[in-house]
Amino acid sequence: MMFAPAIVTQLAWPWTRPAGWRLLLLLVLVGQPLAEAGAASPVLTLWKGLERQPLSLDAIERGGLQHVQIRHPEGLQGRFSGVWLDDFLAAHGLAKARRVRFVAHDGYTTFLTPAQRREKAYLLVTRLAGQPLDPDRLGPLMLVVPEDAEAVLAGLAPMTRWIWAIREIRSR
Ligand SMILES: Nc1nc2c(c(=O)[nH]1)N[C@H]1C(S)=C(S)[C@@H](COP(=O)(O)O)O[C@H]1N2
Ligand SMILES: [Mo]
């Protein structure tokens, strides 16, 4: 245990510094790994038939983030970021899926056919104002149709496929 005193000194020194330094050190030592662990932990289960694939926010966003400025009927507004559903499906070899079913944490479920996906561009939202969506409310993922946002607010278009709190996507 020759080097034990050195470790003790290293662990001790932040606490002997002024508060600002302690905070900075805490952010670097604890915050960054936590943020990385959060982005890498699974938020979605993707089913390709019987094959199950857990996906992290990082994995979902890999195709490149798109941004839209909209008002969501559930009261959120601002810059929503995510990936186009068709790009996401294509990236997972599911461009031709005959049924894409979404299952939410509250049990709500709905599905899209290829014709429905051709008709409207669906955005699989991962962030609002740059931050992951609150998992206790409408997160971790939601589906929106940006081109319909105003019509939905005006009551002129249905929002039955604006599913939020998505936890699973099942395809076949
Ligand atoms: N996760 C989740 N998404 C959902 C729903 C829901 O209950 N849970 N309701 C859907 C339906 S049927 C409609 S019309 C709209 C609005 O639902 P609401 O009127 O019950 O708020 O959100 C859709 N997305
Ligand atoms: Mo509905």
Side-chain angles (χ1 to χ4, degrees), residues 31 34-172:
L34 275 183
E36 279 168 14
S41 65
V43 294
L44 175 75
T45 305
L46 177 66
W47 291 90
K48 306 180 191 180
L50 295 176
E51 185 197 325
R52 178 182 182 277
Q53 193 176 358
L55 292 176
S56 66
L57 213 58
D58 273 357
I60 296 164
E61 292 179 337
R62 206 153 285 157
L65 280 186
Q66 307 294 319
H67 309 284
V68 295
Q69 194 80 28
I70 58 166
R71 206 142 77 79
H72 190 283
E74 285 296 299
L76 305 177
Q77 64 177 310
R79 191 172 77 143
F80 289 73
S81 308
V83 292
W84 293 115
L85 178 65
D86 279 358
D87 292 345
F88 170 81
L89 292 174
H92 292 276
L94 294 167
K96 300 230 166 76
R98 285 179 294 129
R99 271 258 200 300
V100 182
R101 177 168 295 282
F102 302 85
V103 182
H105 281 286
D106 62 358
Y108 184 80
T109 180
T110 185
F111 69 85
L112 293 175
T113 63
Q116 287 167 326
R117 290 195 280 118
R118 272 195 298 275
E119 197 183 325
K120 295 275 159 82
Y122 291 84
L123 189 67
L124 184 61
V125 175
T126 56
R127 292 168 191 269
L128 173 60
Q131 298 301 314
L133 297 167
D134 185 350
D136 294 338
R137 218 168 93 72
L138 305 179
L141 302 166
M142 56 166 70
L143 204 61
V144 302
V145 184
E147 67 196 272
D148 277 356
E150 290 187 2
V152 164
L153 282 174
L156 300 172
M159 62 171 290
T160 47
R161 291 178 194 96
W162 286 54
I163 183 170
W164 52 85
I166 295 169
R167 66 173 163 86
E168 263 183 45
I169 298 181
R170 299 183 194 158
S171 61
R172 64 182 174 83

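Each ligand, and each atom within it, is numbered from 1 in the order the structure gives. FYI, the numbering just counts along the sequence from 1.
Counting non-hydrogen atoms of neighbouring residues, nucleotides and ligands closer than 6.0 angstrom, the CD atom of Q116 exceeds 12 such neighbours.
At under 3.5 Å, a nitrogen or oxygen of W164, whether backbone or side chain, sits near a nitrogen or oxygen of ligand 1.
Residue contacts with ligand 1 for D106 involve side-chain atoms from C-beta outward but no N, CA, C or O (heavy atoms, distance under 4.0 Å).
Among all non-hydrogen protein atoms, the one lying nearest atom 13 (C) of ligand 1 is M159 O, 3.8 Å. At the shortest separation from atom 9 (N) of ligand 1 among protein heavy atoms lies Y108 CE1, 3.5 Å.
Shown in contact with A104 at under 4.0 Å from a heavy atom are these atoms of ligand 1, numbered in order with element: 1 (N). Contact atoms of ligand 1 toward E74: 21 (O) (distance under 4.0 Å to a heavy atom of the residue).
The CD1 atom of I163 sits 7.5 Å away from atom CG of D106, with the distance rounded to the nearest 0.5 Å. How far CD of Q53 is from NZ of K48: 5.0 Å, rounded to the nearest 0.5 Å.
Contact annotation for atom 20 (O) of ligand 1: protein absent (non-hydrogen atoms, distance under 4.0 Å).
In this structure the side chain of L128 never reaches within 4.5 angstrom of the side chain of H72, judged on heavy atoms.
Among H67, Q131, E61, the single residue meeting the side-chain hydrogen bond (donor to acceptor under 3.5 Å, both in side chains) criterion with S81 is H67. The only member of V100, L112, I169, T110 that meets side chain to side chain contact (heavy atoms under 4.5 Å, CB included) when paired with L143 is L112.
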